[in-house]
Amino acid sequence: MLRHVIAPTRAFTQIANAHIWDDDLSDSAFRLLVRALALSDEAAQRTTVTELAAGLTGGRITADRARRQLTRAGLLHTSKCRSATGQLRSESLVSSVPLRPGEAEELFAVRRDGGGGPGAGKPKDERAVSPSSGIALPTGETLRDNTTSPLPVPQPSEPPEPPEPPVDPDGRLELAERVLRSLHLVDARLVLGSRGVARLAPLAAEWLARGVSVAGLRHALTSGLPVSVKSAAGLMRNRLQEKMPAHELDDLPVNLAVCTDCERPFRVIAGEDRCASCRTDAATQPLEPEPPRLGWRERLRLAGPLGSPALP
């Protein structure tokens with residue numbers, strides 16, 4: 001993968017890498033967060049979160065889901081208050097760092113007291129305070145220390161691949177999840193969320209069960225990608241289903257027979273006369289107990305009077 005990065009000198013927005021790689025944030029939630037952080041202080045006071053979410057693809061359902069995801073992450077807080085005329089109104093707070101409900105209420109209180117916006121007023125201690133969030137910085141750090149450099153940071157073009165753990169029948173599903181989560185190391189567009197990994201892991205585990213190695217599975221999912229990837233999960237699902245390697249049973253001729261027990265048709269693999277269900281039920285049924293041995297009195301009674309032919 002080649003990277004050509006030119007750091008902008010003006011009109012740009014900084015965002016933490018933790019939000020970029022957060023699989024719990026959908027594309028719509030991340031776009032809504034970036035739009036809110038890109039607003040100026042004056043524009044933020046005039047714009048509501050609903051107006052920002054109106055331009056998202058997917059309509060109201062997608063916008064509501066994005067707001068819920070940002071709220072769970074502590075990046076979006078909402079508070080209700082009454083205006084001077086007694087009208088109940090709602091205020092929203094979008095933060096670039098996760099805030100606890102108590103911290104968000106303090107910022108709302110500063111705004112209602114006429115502080116002019118978040119971050120206004122003198123902090124309780126003498127530490128430096130970020131003007132965008134109002135949160136005190138760690139001791140000994142300044143805003144210059146917490147600001148990224150305008151020059152791009154050199155990174156290796158191809159990050160090393162994680163080591164391949166041994167494949168065992170019981171751990172195929174966990175190993176398949178590791179492979180799916182590591183696809184973004186090969187191509188940054190193949191970022192899968194937690195739900196997407198959970199849905200695709202059984203298909204990837206079937207590949208491993210059919211004898212495909214971890215390297216072969218990763219190559220099949222990342223080689224020959226299209227120029228535009230609209231949905232990484234949809235693309236991976238299509239490749240896992242359409243490129244599924246043939247199973248060893250697929251090459252055997254189809255030979256059907258009727259089960260001698262339940263009379264249902266089944267596919268004969270190695271000359272069986274009963275279906276798999278009947279063979280499994282027969283294997284799980286307990287063996288019939290042996291008949292009890294007869295004592296000498298029963299044997300004499302069955303033998304009859306003297307002179308009759310003896311029992312065999």
Side-chain angles (χ1 to χ4, degrees), residues 23-24 26 58 61-62 65 162-184 186 190-226 229-295 298-299 302 311-312:
D23 294 337
D24 294 333
S26 62
I61 297 178
T62 302
R65 186 184 298 114
E164 298 182 0
V167 180
D168 60 304
D170 299 332
R172 290 195 184 101
L173 189 62
E174 181 180 358
L175 181 58
E177 292 179 354
R178 295 180 184 176
V179 174
L180 294 173
R181 290 194 181 96
S182 64
L183 294 181
H184 71 275
V186 182
L190 303 181
V191 179
L192 300 175
S194 301
R195 295 181 180 179
V197 171
R199 286 192 291 262
L200 297 176
L203 289 174
E206 181 64 23
W207 280 59
L208 300 178
R210 298 191 178 190
V212 180
S213 63
V214 174
L217 175 60
R218 185 180 292 111
H219 177 74
L221 295 178
T222 58
S223 62
L225 294 176
V229 177
K230 297 181 179 180
S231 174
L235 177 61
M236 294 300 99
R237 183 185 301 106
N238 181 72
R239 290 201 166 195
L240 288 173
Q241 293 176 348
E242 298 298 330
K243 294 186 176 183
M244 179 75 69
H247 197 272
E248 57 182 4
L249 299 181
D250 297 340
D251 299 333
L252 298 179
V254 179
N255 186 12
L256 300 180
V258 178
C259 179
T260 57
D261 290 349
C262 63
E263 298 183 354
R264 290 183 301 181
F266 70 99
R267 182 178 180 180
V268 180
I269 303 298
E272 305 88 349
D273 57 354
R274 294 182 298 174
C275 63
S277 300
C278 294
R279 295 198 305 270
T280 303
D281 296 340
T284 56
Q285 292 179 357
L287 300 177
E288 297 182 358
E290 297 181 357
R293 299 187 59 181
L294 298 178
E298 287 77 7
R299 293 174 62 88
L302 295 176
L311 291 175

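Everything numeric here is computed off the predicted structure, so don't read it as measured data. Along the sequence shown, residues are numbered consecutively beginning with 1. Computed from heavy atoms alone, side chains included, the values below leave out hydrogens, waters and symmetry copies.
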Could you check whether any side-chain N or O of [X] sits under 3.5 Å from a backbone N or O of [Y], counting only pairs where one atom can act as donor and the other as acceptor?
{"X": "Trp207", "Y": "Leu240", "answer": "yes"}
{"X": "Arg239", "Y": "Ala220", "answer": "yes"}
{"X": "Arg274", "Y": "Cys259", "answer": "no"}

Taking the side chain as everything from C-beta on, heavy atoms only, tell me whether [X] gets closer than 4.5 Å to [Y].
{"X": "Leu225", "Y": "Leu190", "answer": "yes"}
{"X": "Leu180", "Y": "Leu221", "answer": "yes"}
{"X": "Arg172", "Y": "Glu206", "answer": "no"}
{"X": "Met236", "Y": "Leu183", "answer": "yes"}
{"X": "Pro226", "Y": "Leu235", "answer": "yes"}

What are the two closest non-hydrogen atoms of [X] and [Y], and how far apart are they?
{"X": "Ala176", "Y": "Ala201", "result": "CB-O, 3.7 Å"}
{"X": "Leu200", "Y": "Ala233", "result": "CD1-O, 4.0 Å"}
{"X": "Arg218", "Y": "Val186", "result": "CD-CG2, 3.9 Å"}
{"X": "Gly193", "Y": "Asp23", "result": "CA-CB, 3.7 Å"}

- Message: I'd like to know whether Leu192 forms a side-chain contact (heavy atoms from CB on, under 4.5 Å) with Arg181, so could you lay out the CA-CA distance, the side-chain angles of the two residues, the decisive distance to 0.1 Å, and finally the verdict.
- Response: CA-CA 7 Å; Leu192 300 175; Arg181 290 194 181 96; over 6 Å; no

What's the spacing between [X] [atom1] and [Y] [atom2] if we round to 0.5 Å?
{"X": "Leu208", "Y": "Ser213", "atom1": "CG", "atom2": "OG", "answer": "8.5 Å"}
{"X": "Cys278", "Y": "Glu263", "atom1": "SG", "atom2": "CD", "answer": "10.0 Å"}
{"X": "Gln241", "Y": "Leu203", "atom1": "CD", "atom2": "CG", "answer": "5.5 Å"}
{"X": "Ser223", "Y": "Lys243", "atom1": "OG", "atom2": "NZ", "answer": "5.0 Å"}

- Passes side-chain contact (heavy atoms from CB on, under 4.5 Å), Val258 versus Arg264? Steps please. CA-CA 5 Å; Val258 178; Arg264 290 183 301 181; over 6 Å; no

